[in-house]
Amino acid sequence: MSRWQQLKSLVFGRPISNKNAHRERLPKRFGLAVFASDALSSVAYATEEVLLILVLGGIAAYQNLIPI
């Protein structure tokens, strides 16, 4: 086993066998509700982070306005 496979096995654990995999799956109606909310919340935070960077950039550039 390569070092990458050992590290992967240590972090994520052993893979689920095909015999037991069907019990781990979510139906589409539940999976969509669970995983779609993650993408929506990520989009909601993006606007806030963009504005934060713009404010910080504006404050940093303010010192250049005085000589102008």
Side-chain angles (χ1 to χ4, degrees):
M1 192 185 292
S2 71
R3 287 192 183 262
W4 172 249
Q5 289 174 334
Q6 289 176 345
L7 179 64
K8 187 176 159 185
S9 179
L10 180 68
V11 172
F12 297 112
R14 295 179 50 198
I16 297 172
S17 67
N18 289 338
K19 186 173 83 173
N20 295 329
H22 71 279
R23 289 187 282 174
E24 299 294 325
R25 293 184 184 149
L26 289 174
K28 290 179 185 172
R29 64 177 185 253
F30 294 125
L32 182 61
V34 170
F35 295 119
S37 64
D38 184 44
L40 291 174
S41 66
S42 297
V43 170
Y45 289 118
T47 307
E48 180 182 357
E49 294 302 316
V50 167
L51 289 175
L52 177 66
I53 296 301
L54 288 175
V55 167
L56 291 175
I59 291 170
Y62 187 71
Q63 65 184 349
N64 296 332
L65 291 176
I66 303 301
I68 293 175

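All residue numbers in this chain count up from 1 along the given sequence. Given the structure is predicted, the values throughout are model-derived calculations rather than measurements.
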Quick check on N18: does its CG atom have over 12 non-hydrogen neighbours (other residues, nucleotides or ligands) under 6.0 Å away?
no
Sole residue of I53, L51, L52 in side-chain contact (heavy atoms from CB on, under 4.5 Å) with E49:
L52
Would W4 end up clustered with F12 when hydrophobic side chains under 4.5 Å apart are linked, directly or stepwise?
yes
Hydrophobic clusters here meaning ILVMFWY residues chained together by side-chain heavy-atom distances under 4.5 Å, can you tell me if L54 and I59 are in one?
no
